[in-house]
Trainee: 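Okay, handing you the structure first.
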Number of protein chains: 2
Amino acid sequence: MTYSEENYLKAIYHLSLSQKQGVSTNAIAALVESKASSVTDMIKKLAEKELVIYQKYQGVGLTDKGLMAAKMIVRKHRLWEVFLVEKLDFAWDEVHDVAEELEHIKSEKLINKLDAFLGFPTEDPHGDPIPDKNGNIVKVEKQLLSEFEIGQTGICVGVKDSSSSFLQYLDKQQIALGSKIKIIAKESFDMSLTIEVEKKQIIISNKIASNLFAKIVL
Amino acid sequence: MTYSEENYLKAIYHLSLSQKQGVSTNAIAALVESKASSVTDMIKKLAEKELVIYQKYQGVGLTDKGLMAAKMIVRKHRLWEVFLVEKLDFAWDEVHDVAEELEHIKSEKLINKLDAFLGFPTEDPHGDPIPDKNGNIVKVEKQLLSEFEIGQTGICVGVKDSSSSFLQYLDKQQIALGSKIKIIAKESFDMSLTIEVEKKQIIISNKIASNLFAKIVL
DNA sequence: ATAATTTTTTAGCTTTGTCTAAATTTTTAT
DNA sequence: ATAAAAATTTAGACAAAGCTAAAAAATTAT
């Protein structure tokens, strides 16, 4: 599979997670930063290779083969991210672009040895699950912080947005994966939250709270 | 720089180490496994980018800029090889192809952090020198085992041929980097050597001895 | 020194992945 | 239900990197 085919497959995978229907041409084009016409061409090629099912004007979906291939790319991406953060001391907002390149290295042996070297992690530095060598994914029950009730406490387990600016904001507020967060108050006007983290109270906007995953604790 | 440009540059670098003159089109074609006509095309592109100096029919040489770029690719290749062997437990005959892919990952930060993680190694698993971030190379005085005199003892410090079959032969004979080798006898008919390694005496052909580098010890 | 051979370059074609512009289909809105 | 808008596909073109075959230059051998 080419570099480009892999990127399309990964894009279709990510899009199909949040949609039940076929994934649209335009949505793919936006993700891979190309044009709809280019997407149509590539989709046809992937369909010939039986990686996706495609019907003109109806969007695409992954076949079993395509799904597994996509998961393996995601697996590689996320394992490399763990490597960069845990072993090479990258910050969590610096790893994405490099992992984007590393995910295309073709060696099963490499990725399985890397997996072992890292201790078979199940999540990447942003809290996203890492498929194992068979494509199995451990699902963690988690919810957006914006959905928490006043008085509830959660442990931060992931971010929805992995942009540098968001991650750096979290660093500044000393919010990291594993941080304990208690909801103190919710402002009904703008849905901003007063939360307690690391013994300090801070106010975060609804936009922030809508991009932070946490799991409920007592 | 593209993947392909990097491969050509690396090939020219390797060839220019063993030749004083300009590197020939055919030699490059053999190394990058393409055709002479393709090489001519690529050379023109590299010349436009001022990475090589090219005169029709006269071969090519690297500019300072091209030399540094080539060294950085070699640096990446060899650091990744160290990583694969030291951290991921690859055998020394398994690393070349994977490193061939990894060397094209574009991130200075990555390679410098990897360098630090590995403890700033100066040699790869085959005994070849690793350029530092400024392109400096530590030269080790070494000579081919075939040039040793009877009675001399050497420490194995490198291989000239890194093919899997040669490296696996060495494994089988328990010859590794660091092995102490004493020349017991030399057969004048075929220049084969009787050597002592790990307290055992074995006979190696001239071809083997001509692909093993060692440095003299008392 | 010239002919034969080898090496290198040029010319023209192919494939991959992209694009723009035009045509077509689907969806949305009245 | 039909017109307008949006989404998608097709057609045709382009750049990168490769190839084959033919032409040109350099080397070698007589």
Side-chain angles (χ1 to χ4, degrees), chain A residues 1-16 18-62 66 69-70 73 100-101 103-104 106, chain B residues 1-16 18-62 66 69-70 73 100-101 103-104 106:
Chain A
M1 222 183 324
T2 68
Y3 193 103
S4 195
E5 287 171 349
E6 290 191 343
N7 280 337
Y8 275 90
L9 217 51
K10 191 177 49 146
I12 295 166
Y13 172 73
H14 286 312
L15 290 166
S16 61
S18 44
Q19 283 181 215
K20 288 296 122 198
Q21 268 90 313
V23 174
S24 84
T25 303
N26 266 348
I28 298 169
L31 252 199
V32 302
E33 293 178 300
S34 67
K35 295 294 150 74
S37 55
S38 308
V39 174
T40 302
D41 288 346
M42 180 57 87
I43 282 172
K44 285 181 184 166
K45 192 162 25 142
L46 294 175
E48 276 198 8
K49 295 192 175 188
E50 301 190 302
L51 294 163
V52 300
I53 289 170
Y54 168 57
Q55 290 196 104
K56 269 192 195 177
Y57 297 102
Q58 304 308 133
V60 295
L62 295 170
I73 300 163
E100 204 72 5
E101 288 192 58
E103 74 189 4
H104 299 291
K106 283 162 193 31
Chain B
M1 222 184 321
T2 69
Y3 192 102
S4 195
E5 288 171 347
E6 291 191 343
N7 279 337
Y8 275 89
L9 218 50
K10 191 176 48 144
I12 296 166
Y13 172 73
H14 286 312
L15 290 167
S16 60
S18 44
Q19 284 179 217
K20 289 295 122 199
Q21 268 91 315
V23 173
S24 83
T25 304
N26 267 348
I28 298 169
L31 252 199
V32 303
E33 293 177 302
S34 69
K35 295 294 151 76
S37 55
S38 308
V39 173
T40 301
D41 288 347
M42 181 57 86
I43 283 171
K44 284 181 184 167
K45 199 175 1 156
L46 295 175
E48 276 197 8
K49 295 191 175 188
E50 300 189 304
L51 294 162
V52 300
I53 290 171
Y54 168 57
Q55 290 196 107
K56 271 193 195 176
Y57 297 101
Q58 305 308 136
V60 295
L62 294 170
I73 299 163
E100 205 72 3
E101 288 192 58
E103 74 189 6
H104 299 290
K106 282 160 194 31

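We use all heavy atoms of the structure for the numbers below, so side chains are in, but hydrogens, waters and symmetry mates are not. Note on naming: letters A, B, ... go to the chains in the order of the sequence lines (proteins, then strands), and numbering restarts at 1 for each one.
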Trainee: Taking CE from B/M42 and C1' from D/dC19, how many angstroms apart are they, rounded to a whole number?
Mentor: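 Nearest whole value for this atom pair: 14 Å.
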Trainee: Which whole-number value in Å describes the distance from B/Q58 CD to D/dT27 C1'?
Mentor: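 Between C1' of D/dT27 and CD of B/Q58: 12 Å.
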Trainee: Check whether any side-chain heavy atom of B/E103 lies under 4.5 Å from a side-chain heavy atom of B/N7, and answer yes or no.
Mentor: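 Yes, at least one pair of side-chain atoms sits under 4.5 Å.
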Trainee: Can you name the atoms? Protein N/O to nucleotides 20-23 of chain C N/O, anything below 3.5 Å, with the distance.
Mentor:
residue, atom, partner, partner atom, Å
C/dT20, OP2, A/K35, NZ, 3.4
C/dT20, O4, A/S37, OG, 2.9

Trainee: So, does A/K44 get its side chain near the phosphate of D/dT9, meaning an N or O under 4.0 Å from OP1 or OP2?
Mentor: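 A/K44 to D/dT9 OP1/OP2: no side-chain N or O under 4.0 Å.
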Trainee: Per the side-chain hydrogen bond (donor to acceptor under 3.5 Å, both in side chains) rule, what does the pair list look like for residues 46-55 of chain B, sequence neighbours excluded?
Mentor: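 Residue pairs with at least one partner in residues 46-55 of chain B: B/E5-B/K49.
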Trainee: List the residues meeting salt bridge (charged side-chain N to carboxylate O under 4.0 Å, His left out) with B/K106, not counting sequence neighbours, and say none if there are none.
Mentor: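 Once residues adjacent in sequence are excluded, the partners of B/K106 under the salt bridge (charged side-chain N to carboxylate O under 4.0 Å, His left out) criterion are B/E6.
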Trainee: Go through the steps to decide whether A/L9 and A/M1 satisfy the test side-chain contact (heavy atoms from CB on, under 4.5 Å), and finish with yes or no.
Mentor: CA-CA 10 Å; A/L9 217 51; A/M1 222 183 324; 3.6 Å; yes
Trainee: Without decimals, in angstroms, what is the distance between A/D41 CG and C/dC19 P?
Mentor: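 Taking CG of A/D41 and P of C/dC19, I get 10 Å after rounding.
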Trainee: Using a heavy-atom cut-off of 4.0 Å across all strands, would you classify A/Y3 as base, sugar-phosphate, or nothing?
Mentor: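 Contact class for A/Y3: none.
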Trainee: Contact list please: residues 21-34 of chain A against DNA chain D, heavy atoms, distance less than 4.0 Å, in numerical order.
Mentor: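 By residue number: A/S24, A/T25, A/N26.
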Trainee: Can you check the A/E5 CD to C/dT15 C1' distance for me, whole Å?
Mentor: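 After rounding, the gap between these two atoms is 13 Å.
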Trainee: Which residues pass the side-chain contact (heavy atoms from CB on, under 4.5 Å) test with A/N26, not counting sequence neighbours?
Mentor: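 Expected list: A/S24, A/A36.
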Trainee: A/Y54 side chain N/O closer than 4.0 Å to the phosphate oxygens (OP1, OP2) of D/dT9?
Mentor: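 So the side chain of A/Y54 is within the cut-off, an N or O lying under 4.0 Å from OP1 or OP2 of D/dT9.
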Trainee: Distance check needed: C/dT18 P versus A/I43 CD1, whole Å only.
Mentor: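 Going from A/I43 (CD1) to C/dT18 (P), I get 12 Å.
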Trainee: Of all heavy-atom pairs between A/Y8 and A/L46, which one has the smallest distance, and what is that distance?
Mentor: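 Heavy atoms of A/Y8 and A/L46 come nearest at CB-CD1, 4.0 Å.
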Trainee: Take atom NZ of A/K56 and atom C1' of D/dT10, then tell me their distance rounded to the nearest Å.
Mentor: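 Value for this atom pair: 8 Å.
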Trainee: Looking for any heavy atom pair under 4.0 Å, which part of the strands does A/S4 touch: base, sugar-phosphate only, or nothing?
Mentor: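 Counting heavy atoms under 4.0 Å across all strands, the contact made by A/S4 is with sugar-phosphate only.
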Trainee: Using whole Å, what does the distance between atom P of nucleotide D/dA26 and atom CD of B/Q55 come to?
Mentor: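 Result: 11 Å.
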Trainee: Does any part of the side chain of B/H104, heavy atoms only, come nearer than 4.5 Å to the side chain of B/K10, both counted from C-beta?
Mentor: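 Side-chain contact under 4.5 Å: no.
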Trainee: Can you sort out the partners of B/E101 under side-chain hydrogen bond (donor to acceptor under 3.5 Å, both in side chains), two or more places apart, ordered by chain and number?
Mentor: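 Expected list: none.
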Trainee: Check whether any side-chain heavy atom of B/I43 sits under 4.5 Å from a side-chain heavy atom of B/I28, and report yes or no.
Mentor: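 Yes, close enough: below the 4.5 Å cut-off.
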